[in-house]
Number of protein chains: 2
Amino acid sequence: MNDSISSTFAALADPTRRAILARLALGETSVTKLAEPFEMSMPAVSKHLRVLERAGLITRGREAQWRPCKLKAEPLREAAGWLDEYRQFWEQSFDRLDEYLQRLQTEAKQKHASEPKGTQSNNKEKVHGRDNQ
Amino acid sequence: MNDSISSTFAALADPTRRAILARLALGETSVTKLAEPFEMSMPAVSKHLRVLERAGLITRGREAQWRPCKLKAEPLREAAGWLDEYRQFWEQSFDRLDEYLQRLQTEAKQKHASEPKGTQSNNKEKVHGRDNQ
DNA sequence: TGGTTATGTAACTAATTAGTTAAATAAACT
DNA sequence: AGTTTATTTAACTAATTAGTTACATAACCA
């Protein structure tokens with residue numbers, strides 16, 4: 001498991017490391033600041049940072065006694081590229097869900113035409129969830 | 001590490017499991033068929049399948065003595081959604097690379113105007129690599 | 001020079017992972 | 001009923017991971 005994409009996914013599989021990346025998305029910062037939100041020793045955080053560094057997700061500079069960490073998004077781009085090849089599959093299932101919901105809607109209308117308009121398409125948007133993740 | 005996205009990324013961190021998903025993208029198939037390309041015992045493959053199943057990336061049916069595996073892309077959609085929040089970062093660095101390459105081009109033109117046209121923008125596309133990953 | 005602050009390394013532990021072989025289950029075939 | 005085929009479970013091992021505490025390094029500050 002020394003290929004680039006494996007070490008990227010492995011690095012992303014830990015919530016602490018994802019939180020660190022989220023913090024770094026707000027800007028470069030020191031190890032101590034990064035460690036603050038976690039109930040965990042500094043060496044533990046240091047180890048997480050090394051994992052992120054090995055995966056190429058961060059770089060570390062030097063500024064006096066601080067080692068500011070900086071997000072490097074290139075491996076994330078690779079990972080997104082890998083996932084993108086499967087996009088058709090989740091979009092396909094949404095298409096089927098759309099059909100299903102539309103059929104439900106049609107059947108409901110046929111049974112009793114009193115259902116207020118717009119309700120179904122609202123549900124559809126929520127289930128899709130493309131905008132609010 | 002029992003949250004959905006962590007177990008998804010962890011499942012994707014192994015090349016064997018990614019290869020299994022790639023195979024399943026071509027269609028539902030049996031455990032034995034899935035195991036064929038790998039120099040690895042059946043129980044090992046079986047364990048990989050359990051990891052994928054736990055992550056919700058596959059489901060297993062029953063058809064006589066076969067247990068056909070089927071790709072479920074929903075967790076991939078979640079993972080892609082998580083990554084997408086970082087899209088601006090890799091696009092941003094590309095923007096900077098664009099600027100850099102454009103500056104190189106401009107400087108090269110100023111030094112000796114004999115550089116054939118179109119070469120630089122070709123390089124730019126290759127470095128972007130949005131189409132050929 | 002000596003103290004403080006920021007960070008990394010060493011050595012250890014417990015839990016998890018990825019593999020193995022051998023045995024169990026379950027359905028089909030004769 | 002007995003055999004073959006497909007798959008899973010059990011029991012084990014070696015390697016890796018995520019954490020700990022104690023110590024080391026390195027730069028600044030008085």
Side-chain angles (χ1 to χ4, degrees), chain A residues 1-24 27-71 75, chain B residues 1-24 27-71 75:
Chain A
M1 203 271 284
N2 23 14
D3 60 303
S4 160
I5 200 126
S6 291
S7 56
T8 301
F9 281 133
L12 296 180
D14 184 287
T16 302
R17 288 193 289 264
R18 289 199 307 279
I20 287 173
L21 292 182
R23 171 62 190 80
L24 289 178
E28 214 166 315
T29 195
S30 74
V31 177
T32 312
K33 284 285 177 59
L34 282 173
E36 252 168 34
F38 306 109
E39 289 181 351
M40 179 185 304
S41 66
M42 289 292 300
V45 173
S46 192
K47 282 189 180 180
H48 281 303
L49 291 175
R50 200 177 50 175
V51 172
L52 291 169
E53 192 177 30
R54 288 253 183 90
L57 284 161
I58 64 168
T59 54
R60 286 191 267 192
R62 165 70 84 176
E63 193 172 326
Q65 66 258 218
W66 296 274
R67 311 293 313 271
C69 295
K70 194 178 172 183
L71 178 65
Chain B
M1 203 273 283
N2 22 14
D3 60 303
S4 158
I5 200 127
S6 290
S7 56
T8 301
F9 280 134
L12 297 180
D14 184 289
T16 302
R17 289 193 290 263
R18 290 199 306 279
I20 288 171
L21 292 182
R23 171 62 189 81
L24 289 178
E28 213 165 316
T29 193
S30 74
V31 177
T32 312
K33 283 283 176 62
L34 281 174
E36 254 169 34
F38 307 110
E39 287 180 351
M40 182 184 306
S41 66
M42 289 294 297
V45 172
S46 192
K47 281 189 178 180
H48 281 302
L49 292 175
R50 198 178 52 175
V51 172
L52 291 169
E53 191 177 31
R54 288 252 183 92
L57 285 161
I58 64 169
T59 54
R60 286 189 267 190
R62 165 71 83 178
E63 194 172 326
Q65 68 258 216
W66 296 274
R67 310 294 314 271
C69 295
K70 194 178 171 184
L71 179 65

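Below, read A as the first sequence line, B as the second, and so on, with proteins coming before strands; counting in each chain starts at 1. Treat the numbers as computed from the prediction; the structure is a model and nothing was measured.
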Using whole Å, report how far [atom1] of [X] lies from [atom2] of [N].
X: A:R54; N: C:dG8; atom1: CZ; atom2: C1'; answer: 13 Å
X: A:L52; N: C:dG8; atom1: CG; atom2: P; answer: 12 Å
X: A:L34; N: C:dG8; atom1: CG; atom2: P; answer: 10 Å
X: B:M40; N: C:dT20; atom1: CE; atom2: P; answer: 7 Å
X: A:Q65; N: C:dG3; atom1: CD; atom2: P; answer: 18 Å
X: A:W66; N: C:dT5; atom1: CH2; atom2: C1'; answer: 8 Å
X: A:R60; N: C:dA6; atom1: CZ; atom2: P; answer: 16 Å
X: A:K47; N: C:dG8; atom1: NZ; atom2: C1'; answer: 11 Å

Upstream residue (5' side of DNA chain C) when A:T32 and B:T16 are each assigned their closest nucleotide: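 In this pair, the answer is A:T32.
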Most 5' of A:A64 and A:S41 on DNA chain D, judged by nearest nucleotide: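 Result: A:S41.
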Residue whose nearest DNA chain D nucleotide is more 5′ - A:E63 or A:E39: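 On the 5' side of the pair lies A:E39.
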Sugar-phosphate, base or nothing in reach of A:A44, heavy atoms under 4.0 Å: base
Heavy-atom contact window of chain A on DNA chain D, given 5' to 3' at under 4.0 Å: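 The contact span of chain A on DNA chain D goes from D:dA18 to D:dC28.
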Taking every non-hydrogen atom, the tightest pair across [X] and [Y]:
X: A:L49; Y: A:I58; result: O-CD1, 3.4 Å
X: A:A10; Y: A:R17; result: O-NH2, 3.2 Å
X: B:A55; Y: B:S7; result: CB-O, 3.7 Å
X: A:V31; Y: A:R67; result: CG2-O, 4.0 Å

A:R60 side chain reached by A:R50 side chain, heavy atoms, under 4.5 Å: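 They are in side-chain contact.
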Side chains of A:L12 and A:L57 in contact at under 4.5 Å (non-hydrogen atoms): yes
Which residues share a side-chain hydrogen bond (donor to acceptor under 3.5 Å, both in side chains) with A:S6, sequence neighbours left out: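 Scan of A:S6 (side-chain hydrogen bond (donor to acceptor under 3.5 Å, both in side chains), adjacent residues dropped) gives A:D3, B:R18.
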